Amino acid sequence: MNALKTPPPHLEACGISKRFGSVQALEDVSINVQPGSFQALLGENGAGKSTIVKCLMGFYHADSGEIRINGTPTRIASPQAARRLGLGMVFQHFTLIPSMTVAENLILARPNLPFVIDWKSETRQLADFLKQAPFQVDPHSRVSTLSAGQKQKVEILKELYLETRLLILDEPTSVLTRDEADEVLGFIHRLVKKGELSALLITHKFREVMAYCDEVTVLRRGRFVGGGKTASLDVSGMAEMMMGEARVRNEAVGTRSPAGRSVLRIEGLRARGDNGLEVLHGIDLTVRAGEIVGIAGVSGNGQRELVEVIAGQRGATGGRISVNDEDHRPTRAMLRNHKFCTLPEEPLKNAAVARMTVAENMAFGVFDQPPFQRAGFLLDRKAIARLGRDLIAKFSVHPPSPDAPIGELSGGNVQRAILARELSSGQVSVLVAANPVFGLDFKAVDFIHERLLQTRNQGVAVLLLSEDLDELLELADRVLVMSGGMIVHETTPEKADPAAIGRQMAGHHS
Amino acid sequence: MKRGEAILVPLGAMIAGLLVFGLFCAALGLNPLAVYASIYKAGFGSWYSWQNTLVRASPLLLCGLCTAIPARAGMIVIGNEGAVVAGGLGAATVGLATLSLPPVLSLTIMALSAMVCGGIWIAFGAALQHYRGVSAVISGLLLNYLAVALMNQLIEGPLRDPSSFNSPASYPLTPDHRLAYFAGTHIHHGLIFGAVACVLAWFLIDRTTFGFAMKIAGGNVRAARLAGLPVGRLVVIAGFLGGACAGLAGMIEVAAVHGRANESLNAGYGYSGILVAFLARQNPLVIVLVSLLTGGLLASGGVLQREHDLPDATIAVLQGILFLFILLSDTLYGRLPFFRSRTPEPKPHAIAA
């Protein structure tokens, strides 16, 4: 515990840039964490927050820029090197081993552990350490029996036990209740005030920033867009920096006819998450013909589960989905009758069979219909190959080889291939798309956006879920905000106030 | 390129397996080359040995399909042995009950009964996996024991022929109610069942929309659900079809080889069928070829015992070694540099979260 007396390091990152393929993830971003300060790093998904902290922690190496520790330029080659400098990180998801006790988890995390562990002396040292810890956790309880809040506290204790002086927290409260979040952040806040720790908190939640942080840095699309002392900022100012101004819509792809009658209707939809707890608490929404309804929200608020229920990959526990006032379930007959198409996120994982060919993957919706099915049970492979060549040309999939396994294509081309399949299976009347451009380069993004607008202009009811608010404000005719498994706000891009949307997304429903 | 890989990788694995088996023989003080020569002679050396090989290949064809068909729907089936036994019991029971019917009718009923029994046996494991999350590997293994226990119960109880003293067996089928032989050989007509089943299975998987739907469900359940396919039904039907093949193998053993149900039903054809399916990369047409090879191996067991004084289990050792190498070689696909495609693959674009 002597180490607690060494002061936290002064960390400066100057002009950091980082590029992944064709995507500029960070451009000239600087961060300055003074010893004994609690700084917030704000930004939307994809703004570059995780990238910059991963550069600080030695997971990534910046293309240009400099990191200084106490004024000395330092190269952080690996996470181990970062740890030696007193930098530690707590992740959104737990890294503890559930079947082990708290004590075992803490002790085994220590670097340079001897081959044979002297558990008696280790346990004694740990007990001494825990005695001085500001909150009590029974070191002998199994991690799997702890609540989410307790686990997160153990993660933080682990960092302190490993003598971390500058703690980076990547959305540590996203899996916690509000009370648990307050307890955890309050604990860190007290350590910072005592001068024993500096902290850099990645979050979307303004409430936490206002309550606990001294300083704010806001990133947007890989760039520094603002910041300063928390005391001199307010929530709407920060939200505006985070979201940016609503952009002018690109009307290049045909003209839009006014929205028609309501086509897709979801009423009181409920579903449980992977952990058995309810994550959709009664979703109500309507999409009319010829309109794009966007659903905005921070990931993890039920969007993934909503798409899974619509796609038939997750059972609903209540509520109703209907198309043109007829009940809809994702069976082949209904998908065909209702002309219902879904473009889920991560298409390789959710919508394709990696080892089947591009042409075969494009035939999933139609293979049991003429001309692909003959005599009621025979598969016409030539017809499938023709379909493949046709769609590959129409949607410019690269490489243009229908016989290649789809798993060998790049992300953007898989997305194009699946979009081609979904939009080509006869007349479409409903399209549900989830994060359709996530992880794609700009060219692919523009292509897919144009197709979505074209589809809308042909009178299709489009439901678009995205974590990128700019994308929604650019494409959607109405925007719904989803938070905590409910639709909490509705607006149109013309009237949209990014700050208000940001507050709603972050759970400020006032 | 891909085709070359699909042939050369299993071939290489077989050669490696044979080499290790050679070491095993050398350790026993034998000349490995002489042992290989004996295996070849006993399996493929003469028309007589070919006949032995073909007799053993017929149940192998069907047992290989028992693993290969469900594999297309994404299931690993190893309950072949249980399905063979269940099918054999199903065949023997109705066969003995229909001795008064014309032989062709009786044999047809026996075949159908065997297919239903074997089919339900594997479909049950498939349903357990799909609807209840019980691994089909575990349930298949346990169901094997259950089938053997059921067989012992029946042939020592209600079906027991009182004249069978040492090894219990059911009453025998009358000679005219048994499967016939090809003229002048001791190869029975069961071989036709096996060969036809392989061609039909290939046709089903490769040329029908049902097979296509099965491949989607086996490749990615989430994509299959998205496409609105009834995944549970597909998986259970695939299990049933595979089990029906193994059941038919049991019927052949009862109606052609033994003429009754006895412990020989449980002679390991089911387990060898797993090896066959994996060696054939779950391709029904390749199963035909691999079954011949494996049938030859099995046929050479007796010769090894007689000529080299090797223990009875030697062929089981060779099979086990081959199977290990085949499973190991599965991890080599796409990794051997000389099979890589010449065109550079497009790099996926990554983005920071």
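This is a predicted model, so every value here is computed, not measured. Side-chain atoms are counted along with the backbone in the values below, which use heavy atoms only and exclude waters and symmetry mates. Order of the sequence lines sets the chain letters (A, B, ...), proteins ahead of strands, with each chain counted from 1.
- Gln319(B) and Ser272(B) form a side-chain donor-acceptor contact under 3.5 Å, judged by distance and modelled atom types alone.
- With a 4.5 Å cut-off on side-chain heavy atoms, Val29(A) and Leu26(A) count as touching.
- Contacts between Ala224(B) and chain A at a heavy-atom distance below 4.5 Å are absent for every atom of the residue.
- Counting all heavy atoms, side chain and backbone alike, Leu328(B) lies closest to Thr331(B) at O-OG1, 2.6 Å.
- Contacts of Ala352(A) with chain B are made by backbone atoms alone, with heavy-atom separations under 4.5 Å and no side-chain atom involved.
- Glu360(A) touches chain B through backbone and side chain together, each having a heavy atom under 4.5 Å away.
- Residue with the most contacts toward chain B among Met334(A), Lys349(A), Arg329(A): Lys349(A) (heavy-atom pairs, distance under 4.5 Å).
- Taking the six-membered ring for Trp, Phe377(A) and Phe210(B) have ring centres at least 6.0 Å apart.
- Within the 4.5 Å cutoff, the side chain of Thr67(B) has heavy atoms near those of the Phe278(B) side chain.
- Heavy-atom pairs under 4.5 Å with chain B peak, among Asn361(A), Leu335(A), Thr342(A), Asn350(A), at Asn350(A).
- Looking at Leu378(A), both its backbone and its side chain come within 4.5 Å of chain B, counting heavy atoms on both sides.
- Using a 4.5 Å cut-off between heavy atoms, Pro344(A) contacts chain B through its side chain alone, with no backbone atom that close.
- For Phe212(B) and Phe367(A), the gap between ring centers is short of 6.0 Å.
- Using a 4.5 Å cut-off between heavy atoms, Leu343(A) does not touch chain B at all.
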